[in-house]
Structure formats: C-alpha cells, structure tokens
Novice: 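Before I ask anything, let me first share the structure, which is written out below as structure tokens.
Positions are given from 1 along the sequence. Computed over heavy atoms, backbone and side chain alike; hydrogens, waters and symmetry mates excluded.
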Amino acid sequence: MRRGPPWVRHGLTWPPSGERPSWWPENEPYPPADWRPMRVRFMRRMAAFAFVALLLFAFVVAAFVTLLIGTFGAVTGGGGVGAFVLAAFLVMVVSFNVARGVRRLIVPLGDLIDAAERVESGDYSVRVRERGPRELRALSRAFNEMSEHLQRSEAERRRLLADVTHELRTPLTVIQGNIEALIDGVRPTDEAHLRAILEDTHVLARLIDDLRTISVAEAGALTLHREPTDVAALARDTVASLEATATSSGVTLRADGAGAPTASVDPVRVREVLTNVIANALRYTPRGGSIVVETATTTDSLNVSVRDTGAGIAPEALPHVFERFARSDDSPGAGLGLAIAKSLVEAHGGRIEARSTLGQGTEIRFTLPLGG
C-alpha cells in the first residue's frame, strides 16, 4: 500500500511535469513522501544554524573581550575585570535575544509546515496563528486566506455536484421511463411518444449547455466575439422573438427606448442575456401582467432593464437570485437563467443587479461599457 500524499498514493507526479523545482533541496526525494520528517529535519537544521551563529558570535565577543582586557590593562594597570564582566553580560544579553529571535522564526514556520500537510491531505479548515516577524505574519495571513478560499471552493463544488446530479436525474428518469414503457409495450411506438422522448433529450442538452456556459464564463475562459452592436435594436429583436410566448401566456411584452450608441459587445451573448432575463420574467408574471424592456445610455455605459409586474421576490431571497439553481418551489426551470446572465454580463466587464418589491414586480438591470 502506498503511503504519503495523494499524488504518491495514486502513482502520480507533482507538479504535472514531474520535474524537481529549482528551489527543492538536492538531497531530498521529490515529490516528498511525507511532510512530518521534513519538519523534524527543518527544525534540526535551524537549531544547528542558530548554534553555529552563537558560536561565531561568542568567538567575536571573546576577541572583543581580549582586546578590552588588554586595553584596560594597559591604561589602568589592572586585569580588566570590569571589561570582562561587561563583555560577559553583553554575550548573555545578545545570546538571549538571538535565541528568542530564532524561536520566533522557527515556531511559526513549523506551524506552517504542519498546516500545509493538513491542507495537502484535504483538511481546508486549518488556520495558523499569525505570529513572528512581520514577513511571517504576512505569510500566515496569506496561508489562512488560501485555506479559506479552498474551503469555500470545496463547499461550492460539493453543492454544485449535488445540484447538477439532482437536475440531470429528472430528465434522465423521464427518458428512461418512457423508453421502458415503449419496450414493454405499455405505450405504442408512435411519433407522439417518440417526440416526447426527443423533447426530454432537448431539455437535457440545454441543461448541459447551460452548465458548460457558466463553468467557462466563471473560469474566465469564455471567448467573446465583440463587434459594434446596436443593443437597443437587439433588444427589440429579442422581444419580437418572444412575443408569441408572451401572448400565449396572456402577458404584454414590449421594448422601449430610442436608438442608442453602438457598444462593443458579443451580440450572440448579449441576446442570450436578454433571452434569459425576459424568459425568467415571463415565468413569474401572471396573465394580464406586463414586461417592459428599456435601453438607455450614459456617458460611457449602456443600461438595459427588464421590469415585470409579477409577484416580486422575497427580501431574503433577493441576494441569491443570481446563484446557480436558485429558484422558487413552483418554478419549472432549472434556476440557471439568471446565473448565466450574470456570468455573461461580467464577462463583458459589466454588472447586473435585481430590485424587487413583493406584490409589485421585479426589475433586472444590467450595465455594459460602451467601449468594451
């Protein structure tokens, strides 16, 4: 059974190149099999260094004492006892301070080594006490921030994995049930039932595409194909494409706003933002309500707002509307639309926000820089 860090236990190399870093000691195996012996060796070396430093200091002081004794002896005719006592006291004071300084350096470094071992083993809750010289305190602070970030990322990863598993299970279960019904002869293999299965596969494909868009955008790897775009005209086209859906739901949908200066944006992605925000408004606007899409400009930015007359969002839920899989219990969607909109807007260097009052509707407003 392999022992040591995960990359050793699984027969992997770290870093991926497998090359020894330039700063790694030549006489140490790489990658390390265990961190604890490294700390013991580190402590011994630091102690040896301190001992040698004290010996050198004692030698210098001894020479200084000899010089003082000779000088005082020549001047006073005595043995220079006072000089010897002064030099001995100086040796004691400096030795104490050197030992104290070395201890202030060794102990925090040892804590960091232990904490690094625990983080390497997957314990991201570890924190180190910020003590020692200013540089070590800054290093400890950076280590604690790194651990906190890793802990949040791990919690987010686990939550996202659970949410994705839940969302993928629903369409897969429907598809599996329909296919089993066709095989068992419970349902006829006709166009209507096959088309229903095809629609479920479309739902599954859209969910996968949405998850990919979010992951790529949040990783900063989304490629934008910017071009001068009349966003006001783009908003009117998007409204026109969704007008039939709004009419069937009994909702009035319109676009307001005169022609605006062109903005350097990716028109496909901005249309996706508009589609997701308007579709979300349609989902929560009751029959007889209305949705208005407005565009306006300032000196250096373009503002787009989507206002609806729906039921509004509860104050405690409002800060979470742009999170992945955030939705109400009666929502038919996956809760990814506004999360995608936020990722795409921020990829353009813009910002998005939500305002809502219960019983009076919701406004989603996003801002894009004109210059891109």
Novice: To the nearest 0.5 Å, what is the distance between OG1 on Thr298 and CG on Asn303?
Specialist: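 Between Thr298 OG1 and Asn303 CG, I get 5.5 Å after rounding to 0.5 Å.
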Novice: Given the rule in the side chain to side chain contact (heavy atoms under 4.5 Å, CB included) test, do Leu368 and Val304 qualify, once you have shown the distances and angles that lead to the verdict?
Specialist: CA-CA 8 Å; Leu368 300 172; Val304 181; 5.6 Å; no
Novice: For the side chain of Ser147 and the backbone of Arg127, is there at least one donor-acceptor N/O pair under 3.5 Å apart?
Specialist: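 Answer holds: no.
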Novice: Quick check: are there more than 12 heavy atoms from other residues, nucleotides or ligands sitting under 6.0 Å from CZ of Arg152?
Specialist: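 For Arg152, atom CZ is crowded (more than 12 foreign heavy atoms under 6.0 Å).
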Novice: Just jot down the side chain to side chain contact (heavy atoms under 4.5 Å, CB included) partners of Ser125, sequence neighbours excluded, or say none.
Specialist: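 Testing Ser125 for side chain to side chain contact (heavy atoms under 4.5 Å, CB included), a comparison that skips the adjacent residues, returns Asp123, Gln151.
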Novice: For Thr285 and Val251, work out which heavy atoms get closest and say how close.
Specialist: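 Reported closest heavy-atom pair: O-CG2, 3.8 Å.
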Novice: Write down the atom of Ile352, the atom of Ala341, and the distance for their closest heavy-atom approach.
Specialist: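 Scanning both residues, the minimum pair turns out to be CD1-CB, 4.3 Å.
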Novice: Sequence neighbours excluded, which residues qualify as side chain to side chain contact (heavy atoms under 4.5 Å, CB included) partners of Thr189?
Specialist: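 For Thr189 the side chain to side chain contact (heavy atoms under 4.5 Å, CB included) partners, ignoring immediate neighbours, are Leu182, Leu194.
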Novice: Checking the side chain of Ser356 only, and the main-chain atoms of Gly361 only, is there a donor and an acceptor separated by less than 3.5 Å?
Specialist: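 Between the backbone of Gly361 and the side chain of Ser356 there is a qualifying donor-acceptor contact (under 3.5 Å).
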Novice: Does the side chain of Arg236 reach to within under 4.5 Å of the side chain of Thr295, using non-hydrogen atoms?
Specialist: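 In short, these two side chains do not touch, never coming nearer than 4.5 Å.
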Novice: Going hydrophobic residue to hydrophobic residue with side-chain gaps under 4.5 angstrom, can you get from Val186 over to Ile179?
Specialist: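 Per the 4.5 Å side-chain linkage, Val186 and Ile179 are not co-clustered.
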Novice: Taking NZ, NE, NH1 and NH2 as the nitrogens, is one of them in Arg195 or Glu199 under 4.0 Å from a carboxylate oxygen of the other?
Specialist: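 Glu199 and Arg195: not salt-bridged.
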Novice: Could you tell me whether the side chain of Asn276 and the main chain of Ala279 form a donor-acceptor pair under 3.5 Å?
Specialist: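 Side chain of Asn276 to backbone of Ala279: no pair is present.
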Novice: Is the closest side-chain heavy-atom distance between Leu139 and Glu135 below 4.5 Å?
Specialist: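 No. Closest side-chain heavy atoms not under 4.5 Å.
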Novice: Give a yes or no answer on whether the side chain of Asp266 reaches the backbone of His225 with a donor-acceptor pair at less than 3.5 Å.
Specialist: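 Yes.
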Novice: Membership question, hydrophobic clusters at under 4.5 Å side-chain separation (ILVMFWY): are Val345 and Val268 in the same one?
Specialist: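 Different hydrophobic clusters.
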Novice: If I take atom CZ from residue Arg271 and atom CD1 from residue Ile278, how far apart are they, to the nearest 0.5 angstrom?
Specialist: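 It comes to 10.0 Å.
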Novice: Walk me through it: do Val321 and Ile313 pass the test side chain to side chain contact (heavy atoms under 4.5 Å, CB included)?
Specialist: CA-CA 9 Å; Val321 294; Ile313 303 172; 3.7 Å; yes
Novice: Are Asp308 and Tyr284 side-chain neighbours, meaning at least one heavy-atom pair lies under 4.5 Å?
Specialist: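 When only atoms from C-beta onward are counted, Tyr284 and Asp308 do not touch, as no gap falls below 4.5 Å.
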Novice: Between the side chain of Thr275 and the main-chain N/O of Glu272, is any donor-acceptor distance below 3.5 Å?
Specialist: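 The answer is no, because no donor-acceptor pair under 3.5 Å joins these two groups.
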Novice: Atom CG in Leu172, atom OG1 in Thr201: separation rounded to 0.5 Å?
Specialist: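 Between atom CG of Leu172 and atom OG1 of Thr201 there are 10.5 Å.
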Novice: Does the distance from a Lys or Arg side-chain N to an Asp or Glu carboxylate O, for Arg355 and Glu353, drop under 4.0 Å?
Specialist: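 Yes, charged N to carboxylate O under 4.0 Å.
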Novice: Determine the minimum heavy-atom distance between Ala246 and Leu253, stating which atoms define it.
Specialist: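 Closest approach of Ala246 to Leu253, heavy atoms only: CB-CB, 3.8 Å.
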Novice: Considering all heavy atoms of both residues, which atom of Glu323 and which atom of His320 are nearest to each other, and what is their separation?
Specialist: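 That closest heavy-atom pairing would be OE2-ND1, 2.9 Å.
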Novice: Can you measure from CG (Asp256) to CD (Glu294) and round to the nearest 0.5 angstrom?
Specialist: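 Here the interatomic distance stands at 5.5 Å.
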Novice: Check whether any side-chain heavy atom of His348 lies under 4.5 Å from a side-chain heavy atom of Arg226, and answer yes or no.
Specialist: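 When only atoms from C-beta onward are counted, Arg226 and His348 do touch, with a gap below 4.5 Å.
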Novice: Ignoring hydrogens and angles, tell me if any N or O in the side chain of Arg269 forms a donor-acceptor pair with the backbone of Leu344 under 3.5 Å.
Specialist: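 Absent.
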Novice: Membership question, hydrophobic clusters at under 4.5 Å side-chain separation (ILVMFWY): are Met146 and Leu136 in the same one?
Specialist: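 Cluster IDs for Leu136 and Met146 match.
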Novice: Which atom names give the shortest non-hydrogen contact between Pro286 and Gly310, and what distance separates them?
Specialist: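 Closest heavy-atom pair between Pro286 and Gly310: CD-CA, 3.8 Å.
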Novice: Is it true that Val292 and Leu282 fall in one hydrophobic cluster, defined by side-chain heavy atoms closer than 4.5 Å?
Specialist: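 The answer is no; the residues belong to distinct hydrophobic clusters.
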Novice: Quick one: does any side-chain atom of Asn144 pair with a main-chain N or O of Val128 as donor and acceptor, under 3.5 Å?
Specialist: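 Pair found, side chain donor or acceptor close to backbone of Val128.
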Novice: For the atom pair CG (Asp230) and CG (Leu302), what is the distance rounded to the nearest 0.5 Å?
Specialist: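 If I round to the nearest 0.5 Å, the distance is 9.0 Å.
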Novice: Are the side chains of His193 and Asn178 in touch, meaning some heavy atoms are under 4.5 Å apart?
Specialist: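 His193 does not reach Asn178 side chain to side chain.
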Novice: What pair of heavy atoms forms the shortest contact from Leu358 to Ala314, and how long is it?
Specialist: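 Answer, listing the atom of Leu358 first, then Ala314: CD2-N, 3.7 Å.
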Novice: Determine, step by step, whether Val277 and Leu338 satisfy the side chain to side chain contact (heavy atoms under 4.5 Å, CB included) criterion, reporting the C-alpha distance in whole Å, the side-chain angles of both residues, the deciding distance to 0.1 Å, and the verdict.
Specialist: CA-CA 6 Å; Val277 174; Leu338 292 184; 4.2 Å; yes
Novice: Between the side chains of Ser290 and Thr252, does any donor sit under 3.5 Å from an acceptor?
Specialist: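 No, no side-chain donor-acceptor contact under 3.5 Å.
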